[in-house]
*Asks:* 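What follows is a structure written as structure tokens; I'll ask about it next.
Small disclaimer: the values here were computed from a predicted structure and weren't measured. Atoms within each ligand, like the ligands themselves, are counted from 1 in listed order.
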Amino acid sequence: MVEVRVRFPPSPTGYLHIGGARTALINWLFARKHQGKLILRIEDTDTERSTQESIDGILDGLRWLELDWDEGPYFQTDFADDHVRAAQQLLNDNHAYRCFCTKEELDRKRELAMANKQTVGYDGTCRNLSPAEVAEKEAAGLPSVIRFKVPRRPGTLAYTDQVLGTIERAYSEIEDFVIVRSNGKPLYLLCNVVDDIRDRISHVIRGQDHMTNTTRQLLLYEALGAPVPVFAHMPLTLDLQKRKISKRSHGEIVAVQFYRERGFIPWALCNFLCLLGWNPGTEQEFFSREELIEVFSLERISKVNSVFNFKPGDQKFFTDPKLIAINEHYLRTMDLSDLGELVEERLLADGIWDPAYLDQRREWYLATLDLIRDRFHTLDDFTTLGRAYFADDYSVEAKPLKKNILKHPDLVTWMPQLSQRLAALSSFDQANVEQAARDLADELEIKPGILINGMRTVLTGQLAGPSMFAITDTLGRDKVVARLSDISHLYPSN
Ligand code: GLU
């Protein structure tokens, strides 16, 4: 059996975006499923647009998603000699020719063809120049590109796409395409094939936007006498308006980094991305890494484009509800110590907690995460909505403030009373705290809920949360007593 060797070859001209990450993920899954190899190749031949920052960002993004590769990163520019040699071989073997047509001439012909409603494509002017004519033009110093000589055969060029089935294109529709620019630089179409041949790529899995390249590249394989890999084209990822997702038109909302910063769990993003264009054939939505590797197959990649339902500008629900739901699922069910590490990074980055303190109270820390994670959507929520559990400088949201504290102005005296009672309890356990609150409510002849909801607002800044007495338990007596002892700062000063 042929060894499975797939590749992820990003062009480092921007950040790693959702579409790129999905391509990387699908290739990774396929490699892992078949105990194959994933090769990472940075296609940096466009030196004007490639940047180190982009390379770093792509590698960083892949590492964060835990999509590990087996070879590379290789850099396409390191293999420039191979590309030039291949172009020369194609020239020598009469599979390519020098074309001296100027841009002006080509533009003029194109316009003319368009006006006459004829097919627009290179007309083959230089295809049949004799060696003597070529030598003459070169001697005269005329610039030239190298074009591939598409075989003028009848019929169609056909191949079997693993996702889409048989794909055919008439030879007559394929123009003689440029493989080397006039400055001597080989183009992507050629470099990509030369590298795939050298890297012994068995399967090329990429977006449907590359299908026109595939047809032309098949001809290059044939002309270079190399075995042709299996091709699988994935659907495009579109936005709600059915536009192709791109860095250029959508900005950072499609960047992997954006999701990382906003507290998405790497595997939740992978799980979501896989389902964006791949169908398990069952109702199952959550897959562990191992499960996904097990059930993944190219045949279940969808033929139609997929929609990434995001809403730029909406701060809270800016992304696909399905991604949020998947993230919540992992947040609530993932191994606590793994969650602990992810949240720890954020607490530290936010300067909320000093490591010495965190390390000493690991058990408490994990139990607290477990208590509060049920209502959270992203890791971000631990430092925002959950800030009061880890720091004293949390703020009280306007809604609970109005609903509890301001609605019951007497809480300004009731809370300190409760604080004193809690300070005096022989044991600060949940039952005692609850009893103390209920007793005070009885004495004040108010509903216990008024005190209890007020407590939640003061202690956590939030309206909703875990059971009030689980909260007092996790915060501990000192913090609870201190926070309830004076709440006058919560009232607007007049
Ligand atoms: N560098 C190309 C891109 O980023 C690679 C395409 C391919 O997979 O061959 O689109």
Side-chain angles (χ1 to χ4, degrees), residues 4-31 36-51 53-59 61-62 67 69 71-80 82-83 86 159 161-164 167 177 179 185-221 224 226 228-237 244-250 254-256 273 277 298 301 305:
V4 165
R5 290 176 61 84
V6 290
R7 75 317 189 253
F8 177 55
S11 304
T13 54
Y15 45 67
L16 179 64
H17 68 104
I18 292 293
R22 190 186 61 166
T23 304
L25 169 70
I26 299 292
N27 278 282
W28 179 85
L29 283 168
F30 189 71
K37 298 271 188 295
L38 173 64
I39 289 111
L40 176 61
R41 192 171 70 221
I42 306 291
E43 297 206 319
D44 57 348
T45 30
D46 183 347
T47 43
E48 267 160 40
R49 292 178 60 225
S50 300
T51 65
E53 193 190 349
S54 166
I55 296 173
D56 295 342
I58 291 169
L59 298 187
L62 292 175
L67 301 178
W69 54 92
E71 286 179 28
Y74 298 134
F75 291 87
Q76 195 160 52
T77 42
D78 289 342
F79 298 94
D82 289 359
H83 309 141
Y159 66 99
D161 184 296
Q162 291 298 291
V163 177
L164 302 167
I167 304 292
F177 52 92
I179 51 174
K185 289 207 167 168
L187 281 155
Y188 155 77
L189 274 176
L190 177 65
C191 303
N192 186 257
V193 166
V194 170
D195 292 346
D196 280 348
I197 295 172
R198 189 197 50 251
D199 292 335
R200 292 178 289 118
I201 298 304
S202 62
H203 295 71
V204 171
I205 310 169
R206 59 185 178 187
Q208 285 180 17
D209 48 339
H210 284 289
M211 286 179 75
T212 50
N213 293 334
T214 302
T215 326
R216 292 180 288 175
Q217 290 185 322
L218 285 169
L219 296 169
L220 289 173
Y221 280 99
L224 290 167
V228 175
V230 172
F231 283 89
H233 292 101
M234 295 187 292
L236 303 181
T237 309
K244 186 181 166 226
I245 282 184
S246 75
K247 312 171 213 185
R248 215 170 302 133
S249 41
H250 297 87
V254 297
V256 166
L273 287 178
L298 289 179
I301 289 181
N305 293 331

*Asks:* Could you check whether D199 pairs with R5 (Lys NZ or Arg NE/NH1/NH2 to Asp/Glu carboxylate O, under 4.0 Å)?
*Replies:*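 So D199 does not pair with R5 through a salt bridge.
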*Asks:* Decide, yes or no, whether a salt bridge links R7 with E71 under the criterion of side-chain N to carboxylate O below 4.0 Å.
*Replies:*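 Between E71 and R7 there is no salt bridge, as every charged N stays at least 4.0 Å from the carboxylate O atoms.
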*Asks:* For P229, which residues count as a side chain to side chain contact (heavy atoms under 4.5 Å, CB included) partner, sequence neighbours excluded?
*Replies:*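 By the side chain to side chain contact (heavy atoms under 4.5 Å, CB included) rule, P229 matches V204, Y221, F231.
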*Asks:* For ligand 1, what are the residues with a heavy-atom contact below 4.0 Å?
*Replies:*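 Lining ligand 1: R7, P9, P10, S11, E43, Y188, N192, R206, H210.
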*Asks:* Run the side chain to side chain contact (heavy atoms under 4.5 Å, CB included) test against V163 and tell me which residues pass, sequence neighbours left out.
*Replies:*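 Counting only residues at least two positions away or on another chain, V163 forms a side chain to side chain contact (heavy atoms under 4.5 Å, CB included) with D161, A232, I301, K303.
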*Asks:* Got a second to check how far T237's OG1 is from D209's CG, nearest 0.5 Å?
*Replies:*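 So the gap between those two atoms works out to 9.5 Å.
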*Asks:* Only counting residues at least two apart or in another chain, list the ones meeting ring pair (Phe, Tyr, Trp, His ring centres under 6.0 Å) with F79.
*Replies:*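 With sequence neighbours excluded, F79 shows a ring pair (Phe, Tyr, Trp, His ring centres under 6.0 Å) to no residue whatsoever.
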